[in-house]
Amino acid sequence: MKKNNLILRILVAIAGLMISGVGVGIFLYSQLGVDPASVLELGLGNVFHVSYGTASALTNIVILVIVFIVDKSYINLSSLLAIFGIGYTADFMKSILDSVIKGELNLFVRIIMILIGCLIMAVGIATYIRADLGVGAIDLVSEIISNKLKFSYRITRVVCDITFVVVGYFLGGIVGVGTVVAAFMTGPAVQFVRPHVYKVTDKILKIEKE
């Protein structure tokens with residue numbers, strides 16, 4: 001893929017991160033669990049009595065400081081943009097749902113919400129990936145461990161996700177059906193929406209067909 005106008009790529013990356021944040025916000029509202037990284041961030045938010053968005057931003061900052069010490073070459077624009085792009089958007093989305101939806105939702109509706117949230121997250125992920133500015137800080141953890149210790153990335157990612165879930169759970173993060181959906185369906189969902197998302201992003205970024 002050709003390198004395109006940096007400003008356009010940054011805007012597409014920000015849009016993708018915010019779309020992902022909307023998906024996470026729907027997950028949060030369902031109260032049926034969130035993706036592994038968000039379980040950890042919710043747990044930290046519970047311990048320090050801050051919102052999910054603030055906990056997410058602080059987690060990303062701490063990871064980036066560690067990455068900078070270990071090997072700063074891994075830090076990219078998306079690593080910096082993700083500090084505020086997802087977490088606070090998720091907080092905003094959840095607050096909108098809190099104000100619009102009154103009363104307790106039944107289990108079926110909440111399950112539908114996490115499926116919708118997963119699909120929206122997938123659209124966001126595919127969007128910011130196409131911007132080609134790297135990945136968020138928390139995704140760098142698996143990548144760096146895998147590269148530095150010569151471990152399989154797939155196994156490293158599974159171990160990291162399990163660690164995030166376990167630590168987050170004991171800190172008070174929400175683990176449930178949503179966690180399982182996010183862990184096993186996000187990848188296939190991204191693959192499903194990718195060609196449709198790329199049709200839009202490629203026009204914006206003026207990417208020529210290869």
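Worth saying up front: this structure is predicted, and the values here are computed from it rather than measured. The figures here come from the full heavy-atom set of this structure, side chains too, leaving out hydrogens, waters and symmetry mates. Count residues from 1 along the sequence.
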Dump the intermediate steps for side-chain hydrogen bond (donor to acceptor under 3.5 Å, both in side chains) on D98 and S95, then the final yes or no.
CA-CA 5 Å; D98 284 332; S95 68; over 6 Å; no

Go through the steps to decide whether V39 and T179 satisfy the test side-chain contact (heavy atoms from CB on, under 4.5 Å), and finish with yes or no.
CA-CA 8 Å; V39 174; T179 309; 4.1 Å; yes

Hey, mind stepping through L140 and E143 against side-chain contact (heavy atoms from CB on, under 4.5 Å) and telling me if it holds?
CA-CA 5 Å; L140 289 176; E143 186 176 340; 3.8 Å; yes

For V175 and V180, what are the C-alpha separation, side-chain angles and deciding distance, and is it a side-chain contact (heavy atoms from CB on, under 4.5 Å)?
CA-CA 9 Å; V175 178; V180 177; over 6 Å; no

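In terms of modelled atom types and a separation under 3.5 Å, the side chain of N46 and the main chain of L171 share a donor-acceptor contact. With hydrogens and angles disregarded, no donor-acceptor distance shorter than 3.5 Å links the side chain of N147 to the backbone of I145.
Contact check for V135 versus S78: no side-chain heavy atoms found under the 4.5 Å cut-off. Side-chain atoms of I75 and F68, non-hydrogen and from C-beta on, do get closer than 4.5 Å to each other. In this structure, the side chains of S79 and Y74 stay at 4.5 Å or more apart for every pair of heavy atoms. Proximity of V12 to L133: side-chain heavy atoms (C-beta onward) are nowhere separated by under 4.5 Å.
Residues I120 and I14 share a hydrophobic cluster, clusters being chains of Ile/Leu/Val/Met/Phe/Trp/Tyr side chains in contact below 4.5 Å. Clustering ILVMFWY residues whenever any of their side-chain heavy atoms sit less than 4.5 angstrom apart, transitively, puts I138 in a cluster other than the one holding Y169. Linking Ile, Leu, Val, Met, Phe, Trp and Tyr whenever their side-chain heavy atoms come within less than 4.5 Å puts V165 and F170 in one cluster. I114 and I26 fall within a single hydrophobic cluster, where Ile, Leu, Val, Met, Phe, Trp and Tyr are joined by side-chain heavy atoms under 4.5 Å apart, directly or via other members. Linking Ile, Leu, Val, Met, Phe, Trp and Tyr whenever their side-chain heavy atoms come within less than 4.5 Å leaves Y153 and F164 in two separate clusters.
I125 approaches S20 most closely through the heavy-atom pair N-OG, 3.4 Å. Nearest heavy atom pair, residue A137 against residue N60, reads CB-OD1, 3.3 Å. A pairwise comparison of heavy atoms in K94 and G25 identifies CB-O, 4.1 Å as the closest pair. Considering every non-hydrogen atom in both Q31 and I174, the closest pair reads O-CG2, 4.1 Å. Across R130 and D202, no two heavy atoms sit closer than the pair NE-OD1, 2.9 Å.
With 3.5 Å as the limit, one finds a donor-acceptor pair spanning the side chains of Y52 and S38. A donor and an acceptor atom, one from each side chain of Y88 and T54, are located under 3.5 Å apart.
Each of I96, V24, I101 was evaluated against Y29; a single residue qualifies, I101, per the side chain to side chain contact (heavy atoms under 4.5 Å, CB included) test. The side chain to side chain contact (heavy atoms under 4.5 Å, CB included) with I66 is formed by just one residue from the set V62, L64, I69, I63; it is V62.
V159 belongs to a hydrophobic cluster with I155, counting contacts under 4.5 Å between side-chain heavy atoms of Ile, Leu, Val, Met, Phe, Trp and Tyr, direct or through other members.
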Using atom types as modelled, flag every donor-acceptor pair under 3.5 Å from a side chain in residues 181-192 to any protein atom, sequence neighbours excluded.
| residue | atom | partner | partner atom | Å |
| --- | --- | --- | --- | --- |
| T186 | OG1 | A182 | O | 2.6 |

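The local environment of CE in M113 is crowded, with over 12 non-hydrogen atoms from other residues, nucleotides or ligands closer than 6.0 Å.
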